[in-house]
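Sequence positions, counted from 1, serve as the residue numbers for this chain. All ligand and atom numbering here is 1-based and tracks the order in the structure.
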Amino acid sequence: MSELELDVHRDPDGIAEALRVDVRSGLSATQKWLPAKWFYDARGSELFEDITRLPEYYPTRAEREVLERQAGEIARVTGARTLVELGSGSSEKTRLLLDGMREHGTLRTFVPLDVSESALAEAVEAIRGDYPGLDVRGVVGDFTEHLGLLPGDAPRLVAFLGGTIGNFLPADRGKFLRSVRDVLTEGEWLLLGTDLVKNPDVLVRAYDDAAGVTAQFNLNVLRVVNRTLGADFDLDDFAHESYWDARNEWIEMRLRARRDLTVRIPGAGMEVSFAEGEYIRTEISAKFRPNGIAAELTENGFAVERWWTDEQNRFGVSLART
Ligand code: AVJ
């Protein structure tokens with residue numbers, strides 16, 4: 001445990017090593033890419049919080065609408081003693097669940113897990129202050145690696161909100177759902193938030209806002225690589241893009257080189273050249289159809305017990321049992 005009483009599975013050396021591995025493979029690939037988790041240093045986590053308040057970025061508000069309406073039902077149906085939140089960030093929407101579960105009287109333990117130590121520390125402190133008597137156990141970690149280490153008594157409710165499951169490539173998504181299933185025992189729960197397929201203009205704008213906050217968020221991954229691996233990316237050399245891939249039904253965020261250039265990345269022992277117009281894929285954010293989500297949950301060992309959407313059918317929330 002650190003001073004902040006977080007259980008840290010990712011120390012600075014571990015972070016640098018993991019980034020080095022991802023940069024080496026992603027930036028030497030024919031189609032350059034970087035995993036989306038590297039946006040979320042302290043600044044990136046704050047920029048994401050700003051994104052959630054943008055007029056164009058509807059998913060947070062749509063999901064909150066569902067949680068506001070259904071928190072009591074979720075508490076009643078699950079009877080959960082432990083709430084685990086994966087990729088918890090500021091844990092702001094989670095309060096709706098905590099309130100519902102506290103009222104229901106079964107809640108003992110809250111386990112927020114996030115890659116960003118700063119965002120997690122702040123969330124843990126705020127939640128401890130507002131929920132006296134709740135056992136809050138923050139875990140700094142990567143939910144693709146550190147799921148086996150989750151504390152808390154059964155039945156647990158694992159919440160994976162915001163549509164973050166859309167960041168996985170389809171093949172990895174199945175593996176991830178299976179890994180969640182495998183750490184749970186029978187009669188435990190998954191609450192899964194999924195953004196839904198809709199008008200491409202609405203989707204593209206949600207990832208390319210007029211104020212330019214998403215552009216800063218996207219470029220932040222280059223700042224992280226500069227700081228952590230001593231690279232010399234000039235952020236002005238790259239343009240933010242939001243692209244709807246209609247065949248795969250996902251949004252791609254890209255950073256496109258504005259000119260021919262070469263970047264040195266000493267911490268990864270490499271130099272990377274870009275032709276003008278070449279881009280790095282920095283995120284995929286898959287959008288879902290209700291039948292597809294239910295099928296994937298079922299294939300991976302879950303029984304879907306409830307399905308809700310917001311009034312405008314923009315965002316779906318599944319409650320599934322092991
Ligand atoms: C936090 C992964 C759900 O994919 O919509 C927001 C991240 N990227 N704007 C998403 C994000 C660009 C967000 N998730």
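Between Ile127 and Leu98 there is a side-chain heavy-atom pair separated by less than 4.5 Å.
Each ring pair (Phe, Tyr, Trp, His ring centres under 6.0 Å) pair with one or both residues in residues 274-322, not counting sequence neighbours, appears once here: Phe238-Phe274.
Applying the side-chain hydrogen bond (donor to acceptor under 3.5 Å, both in side chains) criterion to Arg102, with sequence neighbours excluded, gives no partner residue. For Tyr57, the ring pair (Phe, Tyr, Trp, His ring centres under 6.0 Å) criterion is met by Tyr207, not counting sequence neighbours.
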Find all protein N or O atoms under 3.5 angstrom from an N or O atom of ligand 1 and list the pairs with distances, or write 'none'.
from     : atom 1 : to     : atom 2 : distance (Å)
ligand 1 : 4 (O)  : Ser285 : OG     : 2.7
ligand 1 : 5 (O)  : Tyr57  : OH     : 2.5
ligand 1 : 5 (O)  : Tyr207 : OH     : 2.5
ligand 1 : 8 (N)  : Glu283 : OE1    : 2.7
ligand 1 : 8 (N)  : Glu283 : OE2    : 3.3

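Arg24 and Asp22 are not joined by a salt bridge, as no carboxylate oxygen comes within less than 4.0 angstrom of a charged side-chain nitrogen.
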So Asp41 and Arg223, salt bridge (charged side-chain N to carboxylate O under 4.0 Å, His left out) or not? Walk me through it.
CA-CA 10 Å; Asp41 66 346; Arg223 279 196 193 95; over 6 Å; no
